[in-house]
> 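One structure, as structure tokens, below. Some questions next.
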Amino acid sequence: MPELPEVETTRRGISPHIENKLVKKITVRQKNLRWEVSKNLSKEVSGNTIDKVLRRGKYLLLESAKGTILIHLGMSGSLRVIEATKPAGKHDHVDFILENGTSLRYTDPRRFGCILWHKKGSGIHPLLLHLGPEPLSAEFQHLNLYKNSRGRSVLIKSFIMDSKTVVGVGNIYANEALFLAGINPKRAAGNISCARYKILVSCIREVLNQAIKAGGTTLRDFTNSSGEPGYFKQSLNVYGRGGLVCKICDSTLKEIRIAQRSSVYCTKCQR
DNA sequence: ATAATCACCTGCTCGC
DNA sequence: TGCGAGCAGGTGATTA
């Protein structure tokens with residue numbers, strides 16, 4: 001689930017329920033996520049208030065007076081606000097138990113996510129240190145992409161999925177943005193003109209904005225366990241459509257693998 | 001420095 | 001019905 005739009009949807013969904021709420025305690029049932037859940041997490045956070053829920057790339061940042069909880073959802077993670085008494089399922093690894101009888105529950109079958117404590121005053125967390133610009137911010141500019149890609153042979157799809165280039169572009173939206181921009185995913189990043197990077201930047205923004213907007217519809221019943229987003233499915237042009245016809249030109253969409261990730265494109269529309 | 005590959009883990013689908 | 005193979009929305013670490 002979690003590409004940037006899903007993480008942003010999660011942020012918007014949980015923040016009204018946990019901002020300015022006091023954390024009573026944190027229960028860790030499974031500490032072996034991508035990295036071990038910080039040992040001192042409950043000790044550091046209990047009795048403190050979550051002041052703000054921020055997002056940087058696909059990381060969620062729960063800010064308190066003493067520091068920040070970094071949460072990444074990996075491939076299969078999710079966060080829900082539930083009644084604290086609700087029995088924990090097999091993959092419900094961590095509960096942030098709030099004062100009001102609710103709990104922020106972290107669920108992650110594959111355990112590729114992480115939950116890390118970062119004490120205030122210890123600078124920028126190493127995981128956030130080298131991240132590129134937010135795709136929806138003014139810092140994300142085609143001129144920088146153009147300059148940073150000169151002389152590089154990395155494939156354009158891998159280039160835009162690299163968090164040093166720009167954060168938050170996952171496999172689905174890399175495929176979709178390249179389709180909208182008419183760029184073949186196998187093209188070398190260093191071989192793409194400034195004008196085309198300008199188009200690509202606006203297509204990345206467009207596709208993410210659309211998805212966030214669609215994600216908004218699942219916001220309403222966010223605390224329910226349902227809310228699984230089929231919302232963007234129908235608006236996908238290429239992802240998951242290998243072998244089917246291009247919606248623009250009717251030719252057959254090609255599916256290949258780039259960096260072990262499925263990549264679908266139209267050989268006619270994308271050059 | 002850059003590019004490609006590996007690794008982490010569970011669950012689901014597909015073909016036999 | 002069972003079993004192995006392969007694949008899945010991510011990304012830091014390792015290798016070449």
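The structure displayed is predicted, hence computed values, not measured ones. Residue numbers start from 1 in every chain, and the chains themselves are labelled A, B, ... in the order their sequence lines are given, proteins ahead of strands.
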> What does A:S158 touch in the nucleic acid at a heavy-atom separation under 4.0 angstrom: a base, only the sugar-phosphate, or nothing?
nothing
> So if I take residues 123-137 of chain A and measure heavy-atom distances to DNA chain B, which residues fall below 4.0 Å?
none
> Can you list, by chain and residue number, the hydrophobic cluster partners of A:L129 when the side-chain cut-off is 4.5 Å?
A:W35, A:L54, A:Y59, A:L61, A:L70, A:L116, A:I124, A:L127, A:L128, A:L131, A:V167
> When the P atoms of C:dC3 and B:dC9 are considered, how many whole Å apart are they?
23 Å
> List in chain and number order the residues that pass salt bridge (Lys or Arg N to Asp or Glu O under 4.0 Å) with A:K268, two or more places apart in sequence or in another chain; answer none if no residue qualifies.
none
> Determine which pairs satisfy side chain to side chain donor-acceptor pair (under 3.5 Å) with at least one residue from residues 156-167 of chain A, sequence neighbours left out, and list them in order.
A:K157-A:N171, A:K157-A:S263
> Which residues in residues 105-117 of chain A have a heavy atom closer than 4.0 Å to any atom of DNA chain B?
A:P109, A:R110, A:R111, A:F112
> Rounded to whole angstrom units, what separation is found between the CZ atom of A:R261 and the P atom of B:dA3?
19 Å
> For the pair made of CD1 in A:I160 and C1' in C:dG10, what is the distance, rounded to whole Å?
15 Å
> Rounded off to whole Å, could you give me the CD-to-P distance for the A:Q30 and B:dC9 pair?
10 Å
> Please map the stems of DNA chain C, keeping only stretches of three or more Watson-Crick or G-U wobble pairs with both distances under 3.5 angstrom.
B:2-8 with C:10-16, B:10-16 with C:2-8
> In this structure, how many angstroms lie between the P atom of C:dA13 and the CG atom of A:D162, rounded?
14 Å
> Check whether any side-chain N or O of A:R152 sits under 4.0 Å from OP1 or OP2 of B:dA3, and answer yes or no.
yes
> Ignoring backbone atoms, establish whether A:Y59 has a side-chain N or O less than 4.0 Å from OP1 or OP2 of C:dG12.
yes
> For A:R34 and C:dT11, is the shortest distance between a side-chain N/O and OP1 or OP2 below 4.0 Å?
no
> Is the phosphate of B:dT10, meaning OP1 or OP2, less than 4.0 Å from a side-chain N or O of A:H91?
no
> Select one nucleotide: of C:dA8, B:dG11, B:dT5, the one nearest the side-chain heavy atoms of A:Q260.
B:dT5
> If you measure from the P atom in B:dA1 to the same atom in C:dT11, how many Å do you get, rounded?
23 Å
> Sort and list the pairs that fulfil side chain to side chain donor-acceptor pair (under 3.5 Å) and have at least one residue in residues 87-103 of chain A, not counting sequence neighbours.
A:R29-A:D95, A:D92-A:T107, A:D95-A:R105, A:N100-A:T102
> How many whole angstroms separate atom CG of A:N175 from atom P of C:dA8?
10 Å
> Taking only side-chain N and O atoms of A:K164, does any of them lie within less than 4.0 angstrom of OP1 or OP2 on B:dT2?
no
> OP1 or OP2 of C:dA8 sitting under 4.0 Å from any side-chain N/O of A:S262?
yes
> Residues two or more places apart in sequence or in another chain: which of them pass side chain to side chain donor-acceptor pair (under 3.5 Å) with A:T49?
none
> Report the distance from atom CG of A:L4 to atom C1' of C:dG9, rounded to the nearest whole Å.
12 Å
> Quick one: on DNA chain B, does A:N32 or A:V154 contact a more 5' nucleotide (nearest heavy atom)?
A:V154
> OP1 or OP2 of C:dT11 sitting under 4.0 Å from any side-chain N/O of A:S163?
no
> Please report the distance separating the P of C:dG12 from the corresponding atom of B:dG11, rounded so that it comes out in whole Å.
25 Å
> Around atom NZ of A:K21, are there more than 12 heavy atoms from other residues, nucleotides or ligands closer than 6.0 Å?
yes
> Could you tell me which residues satisfy side-chain contact (heavy atoms from CB on, under 4.5 Å) with A:F112, sequence neighbours excluded, listed by chain and number?
A:M75, A:R110
> Report the distance from atom CD1 of A:I71 to atom P of C:dG10, rounded to the nearest whole Å.
18 Å
> Output all residues satisfying salt bridge (Lys or Arg N to Asp or Glu O under 4.0 Å) with A:K25, sequence neighbours left out; order by chain, then residue number.
none
> Pairs under 3.5 angstrom only: tabulate donor-acceptor contacts from the side chains of residues 244-259 of chain A to other protein residues two or more places apart or in another chain.
residue	atom	partner	partner atom	Å
A:K247	NZ	A:L236	O	2.8
A:R257	NH2	A:Q260	O	2.5

> Within this structure, what is the CD1-to-P distance between A:I156 and B:dA4, rounded to whole angstrom?
13 Å
> Working to the nearest 0.5 Å, report the span between OH of A:Y239 and CD1 of A:I172.
5.0 Å
> Under a 4.0 Å threshold between the charged nitrogen and the carboxylate oxygen, would A:E83 count as salt-bridged to A:K86?
no
> Could you please name the option among C:dG12, B:dG11, C:dG10 that lies closest to any side-chain atom of A:K90?
B:dG11
> Taking A:K43's backbone N and O only, do any of them form a donor-acceptor pair with A:S46's side chain (distance below 3.5 Å, no angle check)?
no
> Sequence neighbours left out, what passes salt bridge (Lys or Arg N to Asp or Glu O under 4.0 Å) with A:E134? Give chain and number order.
A:R55, A:R56
